[in-house]
Amino acid sequence: DRYFDEKQLHNLDQNSIFISTAAKLAIENSGLKVSKIGSDKVGVSVGTSISIATSMSDFYESVLRDGSRRSKIGSFPNTVMCAPASRVSIFEHITGSNTTISTGMNSGIDALGYACFCLENGLAEVMIAGGSDALSDKILMGYLKEGLLLHAGNKEVGRNKRGAFVPSEGACVVVMKKVDEKYPDADVFCEVLSYACGFTPFKRREVEKRSQMLQSVAQECLNEAKLT
C-alpha cells in the first residue's frame with residue numbers, strides 16, 4: 001500500500017512489483033531527488049530473464065479459455081520483456097533512456113555494466129540499475145521437465161552434468177552516478193572500478209568450465225581496476 005494502489009497491483013506482474021519497489025527504496029536511500037536532477041537526465045537499466053514466461057502463459061491461457069474479447073487485456077503489457085523496466089520509469093517519472101538486458105543468469109550484472117557505459121558516454125547523469133526475476137509454478141515445472149531443477153529426487157544431484165540449480169527470485173537495484181558528477185546530497189556507499197562478464201550466446205558451456213570462466217572474469221575485473 002505504501003508504493004502502489006489497488007488498481008496498479010491488480011495489473012502488475014510479480015517481477016514488475018519486485019523491481020519497482022526495489023527502485024523506490026534505492027532512490028530513497030540514495031538521497032537524490034529525480035525532480036531536482038531532471039527526469040530526462042536519469043536512465044533505467046534492468047536485467048531480467050525468465051519471468052516473462054509466466055505473464056505470457058497467463059495471458060494466452062486467458063485468451064484460449066475466455067476468447068479474445070473476454071481475455072485479461074489489462075495483463076497484456078506484462079507479456080513484453082521490457083515491462084518491468086518501463087514500470088520503473090513510469091512510477092518514478094523518469095523520461096531518460098530505458099533499457100532491458102536479458103542475458104540469462106548474467107542479466108543483472110550486465111544491466112550494471114550497461115549503466116556504467118551510459119554514465120561514461122554522457123547518455124545519462126544518473127542511472128537506476130539492477131536485476132529482477134520472479135518465480136512461478138509454471139517456471140518451476142519447466143525447469144523440472146528440462147532436468148534443471150536441483151532437488152532431492154533429481155538424478156543429476158552429485159553429477160549435475162546438465163547444470164541443475166536451485167532457482168530464486170527477488171530484485172536488487174542501485175543508483176549510480178559518476179564520481180566527479182555533481183549532486184553533493186547523494187549518499188555514496190561504494191565505487192565501481194571495473195566490470196566484466198563471461199556470457200556468450202553462441203554456445204552452451206559445460207558445467208565443468210564454469211569455475212574456469214568465473215576465475216577468468218574475476219581476473220579481468222582486477223586487471224581493469226588495476227588492483228593486481
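For clarity, every value in this text was computed on a predicted model and none was experimentally measured.
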Using side-chain contact (heavy atoms from CB on, under 4.5 Å) as the criterion, list what pairs up with Ile109, not counting sequence neighbours. Asn106, Leu112, Tyr195

Are any of the side-chain heavy atoms of Met56 and Thr79 separated by less than 4.5 Å? yes

Rounded to the nearest 0.5 Å, what separation is found between the OG1 atom of Thr54 and the CG atom of Leu135? 8.0 Å

side-chain hydrogen bond (donor to acceptor under 3.5 Å, both in side chains) against Ser86, all qualifying residues, sequence neighbours excluded: none

Could you pull out all residues at least two apart from Glu28 that satisfy salt bridge (Lys or Arg N to Asp or Glu O under 4.0 Å)? Arg2

Show me the side-chain donor-acceptor pairs of residues 98-105 shorter than 3.5 Å, one per line, residues at least two apart or across chains.
{"residue": "Asn98", "atom": "ND2", "partner": "Ala85", "partner atom": "O", "Å": "2.9"}
{"residue": "Asn98", "atom": "ND2", "partner": "Ser89", "partner atom": "OG", "Å": "2.6"}
{"residue": "Ser102", "atom": "OG", "partner": "Thr48", "partner atom": "O", "Å": "3.1"}
{"residue": "Thr103", "atom": "OG1", "partner": "Ser107", "partner atom": "N", "Å": "3.3"}
{"residue": "Thr103", "atom": "OG1", "partner": "Asp110", "partner atom": "OD2", "Å": "2.6"}

Show your working on side-chain hydrogen bond (donor to acceptor under 3.5 Å, both in side chains) between Asp133 and Ser49 and close with a plain yes or no. CA-CA 7 Å; Asp133 259 317; Ser49 180; 4.7 Å; no

Any non-hydrogen side-chain atom of Asp187 less than 4.5 Å from a side-chain atom of Asn29? no

Quick one: does any side-chain atom of Glu224 pair with a main-chain N or O of Ser194 as donor and acceptor, under 3.5 Å? no

Any side-chain to backbone donor/acceptor pair from Ser16 onto Leu12? Under 3.5 Å, distance only. no

Asp40: side-chain contact (heavy atoms from CB on, under 4.5 Å) partners, not counting sequence neighbours: Thr95

Can you name the residues that form a side-chain contact (heavy atoms from CB on, under 4.5 Å) with Ser55, not counting sequence neighbours? Asp13, Asn78

Taking Val175 as the starting point, is it possible to reach Val34 by hopping between hydrophobic residues whose side chains are less than 4.5 Å apart? yes

Lys138: what forms a salt bridge (Lys or Arg N to Asp or Glu O under 4.0 Å) with it, not counting sequence neighbours? Asp58, Glu61

Hphob cluster co-occupancy, Val80 + Ile19, side-chain heavy atoms under 4.5 angstrom: no

Between CD on residue Glu220 and SG on residue Cys197, distance to nearest 0.5 Å: 9.5 Å

Partners passing side-chain hydrogen bond (donor to acceptor under 3.5 Å, both in side chains) against Glu92 (at least two apart in sequence or in another chain): Lys24

Sequence neighbours excluded, the answer for side-chain contact (heavy atoms from CB on, under 4.5 Å) partners of Leu119 is Met127, Met176, Lys178

Shared hydrophobic cluster for Leu25 and Ile17 (ILVMFWY, side-chain gaps under 4.5 Å): yes

ring-ring contact (aromatic ring centres under 6.0 Å, His included): pairs with one or both residues in residues 11-40, sequence neighbours excluded: none

Taking the side chain as everything from C-beta on, heavy atoms only, tell me whether Leu193 gets closer than 4.5 Å to Glu191. yes

Output the distance between atom CD (Glu169) and atom CD1 (Ile50), rounded to the nearest 0.5 Å. 13.5 Å

Can you name the residues that form a side-chain hydrogen bond (donor to acceptor under 3.5 Å, both in side chains) with Ser97, not counting sequence neighbours? none

Got Ile27 and Leu32 here, is their nearest side-chain heavy-atom distance under 4.5 Å? no

Pairs touching residues 42-73 that satisfy ring-ring contact (aromatic ring centres under 6.0 Å, His included), sequence neighbours left out: Phe59-Phe76

Classify the side-chain pair Asn15/Ser132 by whether it contains a donor and acceptor separated by less than 3.5 Å. yes

